[in-house]
Amino acid sequence: MVAREKQEKRGIDTTLDRQELLDDYRLAYRSRQASLIGRREVLSGKAKFGIFGDGKEVAQLAMARAFRPGDFRSGYYRDQTFMFAIGAHTIQEFFAQLYAHTDVQAEPATAGRSMNAHFATRSLNPDGSWKDLTAMPNSSADVSPTASQMPRLVGLGYASKLYRELKELHHLTQFSHDGDEVAFGTIGNASCAEGMFWETVNAVGVLGIPVVLSIWDDGYGISVPNERQFPKDLSELLEGFRRKPGSERGYDLYRVRAWDYPALLEAYQRAAQVARDEHVPAIIHVVEVTQPQGHSTSGSHERYKSAERLAWEEDHDCLLRMRQWLIDEGVASPEELDQMEAEDRQTVEEIRAQAWEAYLAPIRAEVDELVALIDDLMSHSRHGDELVAIKSRLLELGAPLRQDLMVAVRDALLAMRDENIPAKGALIDWKAEQDKLSEERYGSHLYSQSAESALEVPEVKPLYSGGSETLAGFEVLNRAFDAMLARDPRVCAFGEDLGMLGGVNQAFAGLQEKYGELRVGDTGIREVTILGQAIGMAMRGLRPIAEIQYLDYLLYALQLMSDDLATLQWRTKGGQKAPVIVRTRGHRLEGIWHSGSPMAAIVHLLRGMHVLVPRDMVQAAGFYNTLLLSDEPGLVVEVLNGYRLKERLPDNIGEFTLPLGVPEVLREGKDVTIVTYGALCRIAEQAADLLGGVGIEAEIIDVRTLLPFDRHGLILESLQKTNRIVFLDEDVPGGTTAYMLQQVIEEQGGYYWLDSEPRTLSAKLHRPAYGTDGSYWSKPNVEQIFETVYELMHEVDPGAYPLFYK
Ligand SMILES: Cc1ncc(C[n+]2csc(CCOP(=O)(O)OP(=O)(O)O)c2C)c(N)n1
Ligand SMILES: [Mg+2]
């Protein structure tokens, strides 16, 4: 009841003065021009692809009026008007992105790395440290996969709850003012058919967090109409989420027409205020949205929309309707608006031209440099005619690409391949310099480049004394998590069964009682929004540990981890970060969905994250400590059958750190190197005992981290000694063993040290079968490891190592 009364009393003033109304209209009009001109630029070949926000302008003006500094957006490619209106992007930056301008000053969202209309603000200073996020409008960085912007909305909203309710976070004023910030989500109607949308709506509703979610409903998802997306109208489908009168659980729901500016202002003001004050979420279903230019530059909507629909869209164009409303209300005359529109058309054309010139100028300067080098070569080379032709081809290009310069360099060097003149050196150096610059343009920031990079965390060795306890693995982790929660109030852990139960393996036992439900909490069964919750929280300065109950279920979250989390720093060229820790457990337990080890899928999809595969719980604790001192995301895969095994507890369990990318030699040997990780470390040691019995000394190396992989070439050192190598794991054949083999044999140059062919030993192609025998015949076992190594030695010396078992 309280909430309703508060709402009743709240006077919401949505009146804007004449100037504000005209400013809004003009901004929307300029945004429309940007869309129209943008499409023209693509069709004329100056940009590669265009997707625009035409038809969505007016609702976004209203959303922007409810948005405050400190708030966050998580949205998609239709939101240019909103981004302009909150002052987070300029029209010039919009065009710079369309042209793929790689200068971060010109294109601050993605530095030319993402296609157009992928918005982002820069949360980080150039050194990677956080800015004051409460003083600026914030937008998490857009992604293209439909609805993938939804899961992180959970965390962006949830962070406000934590900042409001956890006193120990109140000093973090650069991230929040008592949790007053609202997370604004946007999504297209058709994307609401994705599972992630419903999972997000459900999670936000359960958590009771300040989220205002807008659906821009233009009736289509490219060519497919709503009837093929939903069994009923979206508002109707969402109705069950509406909160009951007097209740604080559930949503406030609004349905507004995309061209009805006063109604939109009213809805957004109300929704945002209730969300801000009471942390009650809202969904605003914006209907009668149009799409004047169709979906994107890839096609035309005349192919799939009827003549009636097209006529209806023309009649309901939000901009024309807003214009008429301004005239009807006496805000401006048609002549005044005509005048303003003419000015604005001119302005946007000028901005476009400036953006184009700014994009081309540095490339033209590089053309000049290259031409000067070619001119110089002409006076020394016997191939002057070819060089003249290369130069004129270059100068004929109206809008040269850097790729064209590289082609010219190649042609010139190819033409002069029979000459040895010093001037060639200058060209070769110039090419190398340009390659380096472009590697930075397109390849930097896959991992953190800040002082807090995980690779920079100093190693602190575990300390043991006479009094060190011996505990079960889960108890070791319990002590470690206790220490992390005690030392850093930003650390919050959550997942299925993590809170009250303390986790399915008890590593968080008792910690919810000690730290409260917000620090150690249960979630619903919703892997992708568990991850999204963590991403959004981390984007707002918190240090989430998100638990995915089993490695086999990580697949639910893998797409988002790959598309959003792993690419975040790279796709913003260091503008945003989300230092999330994902905790899970796997490799060995029972059967197909509790002993999977799909590490190659993970390693290959998560470039941009660290992937850590500790063999026991002390190792896991060390990795958690390292990650928490860094500003990067990491995945820790604990060994599922290791929680009951006894380990010695380091005296400095809360402080010791393990370096990333540094394998450990578990057992020395001179005959063969076995490279493995995780649960197989113990099994490989058992096999090495057996091998020792027949006089074969195996060296066992635990790689410990798959990403990064052996940064200092320790495995190569071993191979230089043994000249024989076996890569061993529980993934499919050709999976992570092949990855490790490529790293050692190709990257590290191990090929040159081999005396026998390199071998891989992995699990079977099929998934692990149930039961002890099922596991034995699905995964590498002691006997197989023995035989693989023994056969290598048999090849070397059949007399000494006869095949006694075949
Ligand atoms: C996962 C995924 N599937 C397909 C696409 C291709 N795609 C891009 S936009 C789009 C339609 C989205 O429609 P809607 O959500 O209604 O947004 P609108 O473009 O109409 O504003 C599709 C299918 C994609 N980007 N991601
Ligand atoms: Mg749509």
Side-chain angles (χ1 to χ4, degrees), residues 31-32 35 38-39 42 48-60 63 73-83 114-119 141-153 184-201 213-230 233-235 237-238 255 257-259 283-305 309-310 312-313 316-318 528 532 555-564 567 571 605:
S31 176
R32 175 66 61 89
S35 300
R39 185 176 172 86
V42 176
K48 288 201 88 173
F49 173 77
I51 193 156
F52 303 104
D54 46 309
K56 279 88 181 168
E57 293 93 345
V58 173
Q60 292 180 24
M63 179 166 128
R73 162 189 172 276
S74 186
Y76 79 118
Y77 49 79
R78 298 291 180 207
D79 293 346
Q80 68 197 49
T81 310
F82 174 77
M83 296 304 289
S114 278
M115 57 167 59
N116 94 304
H118 281 55
F119 306 106
D142 293 3
V143 290
S144 295
T146 47
S148 287
Q149 74 274 29
M150 288 291 98
R152 79 172 96 93
L153 190 62
F184 288 82
T186 71
I187 187 166
N189 53 298
S191 301
C192 297
E194 294 277 14
M196 277 188 284
F197 169 77
W198 295 100
E199 191 176 314
T200 299
V201 168
L213 174 56
S214 299
I215 302 167
W216 311 141
D217 190 347
D218 57 16
Y220 289 84
I222 311 186
S223 66
V224 182
N226 275 350
E227 302 81 76
R228 296 209 174 275
Q229 311 275 3
F230 310 106
D233 178 89
L234 263 172
S235 290
L237 290 178
L238 288 163
R255 182 186 177 88
R257 291 174 299 194
W259 45 266
I283 297 174
I284 303 186
H285 183 194
V286 180
V287 294
E288 300 193 15
V289 181
T290 70
Q291 210 181 61
Q293 301 192 104
H295 177 76
S296 73
T297 52
S298 301
S300 77
H301 57 161
E302 287 80 7
R303 281 193 296 161
Y304 50 82
K305 285 182 186 163
R309 170 73 195 187
L310 289 167
W312 179 90
E313 288 203 17
H316 288 78
D317 187 318
C318 62
V528 72
L555 268 59
Y556 274 60
L558 194 56
Q559 174 269 331
L560 194 77
M561 218 182 293
S562 180
D563 286 332
D564 194 0
T567 65
R571 75 179 191 268
L605 287 170

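Positions are given from 1 along the sequence. Order of appearance sets the numbers: ligands from 1, and atoms from 1 within every ligand.
When G221, S298, S296 are checked for heavy-atom proximity to atom 13 (O) of ligand 1, G221 turns out nearest. Proximity annotation for atom 17 (O) of ligand 1: of Y77, F197, W216, Y77 comes nearest, heavy atoms only. Of the options D218, N226, I222, the smallest heavy-atom separation from atom 23 (C) of ligand 1 is shown by I222.
Q149 contributes a side-chain N or O that, together with a main-chain N or O of T186, makes up a donor-acceptor pair within less than 3.5 Å. Side-chain atoms of N189 come within 3.5 Å of backbone atoms of Y220 as a donor-acceptor pair (strictly under, hydrogens ignored). The closest donor-acceptor contact from the side chain of R152 to the backbone of A141 lies under 3.5 Å. Remark: the backbone N or O of I51 is paired with a side-chain donor or acceptor of N116 at under 3.5 angstrom. Although no hydrogens or angles enter the test, the distance criterion places no donor-acceptor pair under 3.5 Å between the side chain of E194 and the main chain of A147.
Set against the non-hydrogen atoms of E194, the atoms of ligand 1 under 4.0 Å away are 1 (C). Here is the list of ligand 1 atoms found below 4.0 Å of a heavy atom in N189: 15 (O), 16 (O). Every atom of ligand 1 with a heavy atom of Q291 under 4.0 Å away is listed here by number and element: 20 (O). Within ligand 1, the atoms closer than 4.0 Å to a non-hydrogen atom of H295 are 9 (S), 10 (C), 11 (C), 19 (O), numbered from 1 in the order shown. For ligand 1, the atoms closer than 4.0 angstrom to any heavy atom of R78 are 18 (P), 19 (O), 21 (O). Close approach of ligand 1 to G188 (heavy-atom distance below 4.0 Å) involves ligand atoms 14 (P), 15 (O), 16 (O), 17 (O). Counting atoms of ligand 1 from 1 in the listed order, those under 4.0 Å from a heavy atom of P145 are 26 (N).
The shortest distance between side-chain heavy atoms of M63 and I284 does not fall below 4.5 Å. Two residues are said to be in side-chain contact when any heavy atoms from C-beta on lie closer than 4.5 Å; R571 and H118 fail this criterion. With contacts defined as side-chain heavy-atom distances shorter than 4.5 Å, the pair F197/S191 does not qualify.
Residue contacts with ligand 1, taken as heavy atom pairs separated by less than 4.0 Å, do not involve I51 at all. Residue-level proximity to ligand 1 for A190 is carried by backbone and side chain together, each with a heavy atom below 4.0 angstrom.
Heavy atoms of Y220 approach ligand 1 to within less than 4.0 angstrom.
Of the protein's heavy atoms, none falls inside 4.0 Å of atom 6 (C) of ligand 1.
Under the rule for a side-chain contact (heavy atoms from CB on, under 4.5 Å), the partners of S148 that lie at least two apart in sequence or sit in another chain are V143, P145, M196, Q559, L560. Shown here are the side-chain contact (heavy atoms from CB on, under 4.5 Å) partners of E302, two or more places apart in sequence or in another chain: S300, L310. For Q80, the side-chain contact (heavy atoms from CB on, under 4.5 Å) criterion is met by S31, A34, S35, F52, F84, F94, F119, not counting sequence neighbours.
Using a 4.0 Å cut-off between a side-chain N of Lys or Arg and a carboxylate O of Asp or Glu, R78 and D142 do not qualify as a salt bridge.
Taking the six-membered ring where tryptophan is involved, the planes of H295 and Y77 are perpendicular, since the angle between them exceeds 60° and thus also 30°. Relative ring orientation between H301 and Y304 is described as perpendicular, the plane-to-plane angle rising above 60° on a 0-90° scale split at 30° and 60°.
Heavy atoms only, all atoms of each residue included: C318 and W259 are closest at CA-CB, 3.6 Å.
For the Mg ion (ligand 2), the count of nearby protein N, O or S atoms, meaning those under 2.8 Å away, is 3.
Checking only distances, Y76 does come within under 3.5 Å of ligand 1, N or O to N or O.
Nearest non-hydrogen protein atom to atom 1 (C) of ligand 1 is T146 OG1, 3.3 Å. The protein heavy-atom contact nearest to atom 25 (N) of ligand 1 is S144 O, 3.1 Å. Scanning the protein for heavy atoms near atom 15 (O) of ligand 1, the closest one is S191 OG, 2.5 Å.
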